[in-house]
Amino acid sequence: MRHLLSIDDLDRAGIERVLDRAASFAEVAGREIKKVPALRGRTVVNLFYEASTRTSSSFELAAKRLSADLVSIRAASSAVAKGESLKDTIATLTAYDPAAIVIRSPHAGAAQLVAGWTDAAVVNAGDGKHEHPTQALLDVFTLRQKLGSLEGANIWIIGDVMHSRVARSDILAFTRMGARVTLSGPPTLIPRGIEALGCSVEPTLERLPEADVVYVLRMQHERMEEAYVPSLREYAMRYQIGTSRLLPHQLLMHPGPVNRGVELSGAAIDSPQALINQQVEAGVVVRMAVLYELLAGAGATAARGVPIGTLETRAVAAA
Ligand code: NCD
């Protein structure tokens, strides 16, 4: 794998390899000194053209815990309204000879474009409504920790699927790992034809009790140019997940940030079945594993085509 632009860059074995690596980094996260020398001397650039708390901070921590040098850039989305200015930014950053560029952009396909303009490995940290592959990987990691395997699990994804890159990446990753995925939400927020991704659609929550995992999405107002639901109150009445809609064995997930009282009730967020904080925790080790896989894993090559020696690998194993 040269870049991680979509979940489609990974087959099931590839996902398992990254998540096994993440599990080994989870052990490092438990130590007082949470660092390994794997990417010492390599540079990682984080380029965020959109708001982010979890994704940007966990990519930063991931790069630092792998001992990489890190440059974090945040720009207002207006600065990249044109593809050309993004291209110029990448040309400028190339002067630092980065090993990896992590990019979040409001434009679908931005990460793919960047991959064509640089020798660095590119990680898509969210491109518009398109994909958010590292979120899907951390979601699978969190579920593997809870369930052992996703094989045969019944996962419901509820809410604003239309504007959600998380939903798209999750559908691909969950089904690839053997789960059954059902989408539910107002018909205006479920894209027509989405079943082609291998999931089914239920217009109401009537059959929600069949779910093992209830994955709730944020109402993404910033991507809505018109009203998709009559009112948030109406939406909450029909689709909000509160503790009364959850069975005790069901696991509750959300990528964050949560609109408390809209898609999730406060009590549900704070309930023991919510895995929201575990998802955030998984974000660091999974992003470490992705950077490691791209820059130092088997088959990875250094920026100028020099194969990575086994030294770094051994250092990680021994650290
Ligand atoms: C998601 C995103 O930005 O796509 N958040 C995240 O990365 N944790 C989901 C969202 O914003 O609702």
Side-chain angles (χ1 to χ4, degrees), residues 4-7 22 46-63 72 74-77 80 102-112 123-143 155-174 183-186 189-191 214-225 228-229 232 235-236 239-241 252-264 268-269 274-288 290-291:
L4 179 60
L5 307 176
S6 158
I7 283 295
N46 274 354
L47 188 53
F48 277 67
Y49 288 103
E50 236 189 26
S52 171
T53 307
R54 279 151 276 264
T55 307
S56 60
S57 59
S58 60
F59 265 114
E60 283 186 19
L61 268 181
S72 283
R74 284 184 181 258
S77 58
V80 274
V102 177
I103 176 159
R104 166 168 287 193
S105 161
H107 303 290
Q112 176 92 50
V123 183
N124 181 6
D127 61 331
K129 295 186 271 186
H130 179 225
E131 276 219 48
H132 192 356
T134 59
Q135 176 72 42
L137 290 173
L138 75 87
D139 289 335
V140 175
F141 181 85
T142 306
L143 282 175
I155 305 180
W156 278 52
I157 300 179
I158 299 167
D160 181 3
V161 176
M162 174 81 84
H163 301 98
S164 178
R165 52 197 176 205
V166 174
R168 245 162 292 275
S169 291
D170 270 347
I171 294 166
L172 294 175
F174 292 163
L183 310 178
S184 188
L189 290 175
I190 306 286
V214 180
Y215 194 109
V216 182
L217 299 169
R218 184 173 67 87
M219 285 291 272
Q220 301 186 47
H221 308 285
E222 77 278 16
R223 298 195 206 290
M224 296 184 190
E225 278 140 25
Y228 285 84
V229 290
L232 284 182
Y235 175 83
Y239 295 102
Q240 182 188 91
I241 301 300
L252 177 65
M253 300 176 83
H254 189 295
V258 180
N259 292 314
R260 212 171 247 265
V262 180
E263 67 266 7
L264 280 179
I269 298 168
L275 302 178
I276 301 170
N277 289 334
Q278 281 96 311
Q279 289 172 269
V280 176
E281 203 179 319
V284 178
V285 290
V286 166
R287 286 166 178 136
M288 283 173 81
V290 167
L291 290 173

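All figures in this text were calculated on a predicted structure; none of them were measured in a lab. When a ligand or atom number is given, it counts from 1 through the structure's own listing order.
Distance alone, capped at 3.5 Å, places no donor-acceptor pair between the Arg74 side chain and the Phe48 backbone. Checked by atom type and distance alone, the side chain of Arg168 never pairs as donor or acceptor with a backbone atom of His163 at under 3.5 Å. No side-chain donor-acceptor contact under 3.5 Å links Arg165 to the backbone of Pro133. A donor-acceptor pair is defined here as one N or O able to donate and one able to accept, closer than 3.5 Å; no such pair exists between the side chain of Arg218 and the backbone of Asn259. A donor-acceptor contact shorter than 3.5 Å links the side chain of Ser58 to the backbone of Thr55.
Atom 6 (C) of ligand 1 has its closest protein heavy atom at Gly256 O, 3.6 Å. For atom 3 (O) of ligand 1, the closest heavy atom belonging to the protein is Arg165 NH2, 2.9 Å. In terms of protein heavy atoms, atom 7 (O) of ligand 1 is closest to His132 NE2, 2.8 Å.
Any N or O atom pair closer than 3.5 Å counts here, and Val166 shares no such pair with ligand 1. In terms of polar-atom proximity, Pro257 is not counted as a contact of ligand 1, lacking any N or O under 3.5 Å from an N or O of the ligand.
Interface atoms of ligand 1 facing Arg104, defined by a heavy-atom separation under 4.0 Å, are 2 (C), 3 (O), 7 (O). Heavy-atom contacts of Gln135 reach the following atoms of ligand 1: 6 (C), 7 (O), 8 (N) (cutoff under 4.0 Å).
For the residues Ser58, Gly159, Ala51, Pro255, the heavy atom positioned nearest atom 8 (N) of ligand 1 is part of Pro255. Comparing Glu50, Arg218, Glu263 by heavy-atom distance to atom 10 (C) of ligand 1, the nearest is Arg218.
Side chain to side chain, Asn277 and Glu281 fail the donor-acceptor criterion of an N or O pair below 3.5 Å.
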